[in-house]
Amino acid sequence: MAVMQPLKVVITNYPKDDVEMLLIENNSENEALGKREVPFSKTIYIERDDFMEEPSKGFHRLSLNAEVRLKGA
């Protein structure tokens, strides 16, 4: 797993020093590929293309003042 064009995101309502290990599927279309553990903390990095300050209609990723769900978290 890699983030090619990282954008730093700080989750303001998450404890500063907590780190949780989350179990994430390797491929949602093929369960046989198993799962892996990934760390989750106050600071995460997302792909730059997954954020828009002023989202266009139908944009369902991270944007200002909008609720977003993080896969596995």
Side-chain angles (χ1 to χ4, degrees):
M1 181 171 85
V3 177
M4 303 302 288
Q5 296 178 324
L7 179 64
K8 183 178 181 178
V9 175
V10 178
I11 302 169
T12 59
N13 63 346
Y14 193 82
K16 180 181 177 182
D17 297 322
D18 278 7
V19 176
E20 294 178 63
M21 295 306 288
L22 304 176
L23 197 56
I24 305 293
E25 59 201 6
N26 287 319
N27 184 319
S28 61
E29 296 175 5
N30 185 349
E31 290 183 24
L33 294 176
K35 297 183 178 192
R36 67 187 182 283
E37 282 192 319
V38 295
F40 180 80
S41 64
K42 185 175 185 75
T43 301
I44 62 173
Y45 293 87
I46 65 170
E47 228 14 273
R48 191 166 301 277
D49 291 344
D50 288 336
F51 173 76
M52 221 183 246
E53 246 182 87
E54 296 179 28
S56 56
K57 186 176 180 177
F59 184 81
H60 297 292
R61 298 179 189 114
L62 188 62
S63 59
L64 296 177
N65 301 313
E67 184 174 303
V68 66
R69 293 175 52 162
L70 298 172
K71 184 175 179 172

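Values reported hereafter were calculated over all heavy atoms of this structure, with side chains retained and with hydrogens, waters and symmetry mates removed. It should be emphasised that the depicted structure is a prediction, and the values quoted were computed from it without experimental measurement.
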Novice: To the nearest 0.5 Å, what is the distance between CD on Gln5 and CD1 on Ile46?
Specialist: 11.5 Å
Novice: State, to 0.1 Å, how close Leu22 and Phe40 come at their nearest heavy-atom pair, and which atoms those are.
Specialist: CD1-CB, 3.6 Å
Novice: According to a hydrophobic-cluster definition based on side-chain heavy atoms being under 4.5 Å apart (Ile, Leu, Val, Met, Phe, Trp, Tyr only), do Val68 and Leu7 belong together?
Specialist: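 Yes.
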Novice: Measuring from Leu62:CG to Asp50:CG, what's the distance to the nearest 0.5 Å?
Specialist: 8.5 Å
Novice: What distance separates Glu31 CD from Asn26 CG, expressed to the nearest 0.5 Å?
Specialist: 11.5 Å
Novice: Is there a chain of hydrophobic side chains (I, L, V, M, F, W, Y, each step under 4.5 Å between heavy atoms) that links Met52 to Leu70?
Specialist: no
Novice: Are more than 12 heavy atoms, taken from residues, nucleotides or ligands other than Met21, located less than 6.0 Å from that residue's CE atom?
Specialist: yes
Novice: Take Val9 and Ile44 through the side-chain contact (heavy atoms from CB on, under 4.5 Å) test and state the conclusion after the steps.
Specialist: CA-CA 5 Å; Val9 175; Ile44 62 173; 3.8 Å; yes
Novice: Let me see the working for Lys42 and Val10 under side-chain contact (heavy atoms from CB on, under 4.5 Å), right down to the final yes or no.
Specialist: CA-CA 6 Å; Lys42 185 175 185 75; Val10 178; 4.0 Å; yes
Novice: Quick one: pull up CG in Leu64 and CZ in Phe51 and give me the separation to the nearest 0.5 Å.
Specialist: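 Taking CG in Leu64 and CZ in Phe51, the distance rounds to 4.5 Å.
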Novice: Could you give the distance from CG (Asp18) to CD1 (Ile11), rounded to the nearest 0.5 Å?
Specialist: 11.5 Å
Novice: Check the hydrophobic clustering (I, L, V, M, F, W, Y; side-chain heavy atoms under 4.5 Å; chains of links allowed) and say if Ile24 and Tyr14 are grouped together.
Specialist: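 In one cluster with Ile24: Tyr14, yes.
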Novice: Can you give me the closest heavy-atom contact between Arg36 and Glu25, atom names plus distance?
Specialist: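 Between these two residues, the closest heavy atoms are NH1-O, 3.1 Å.
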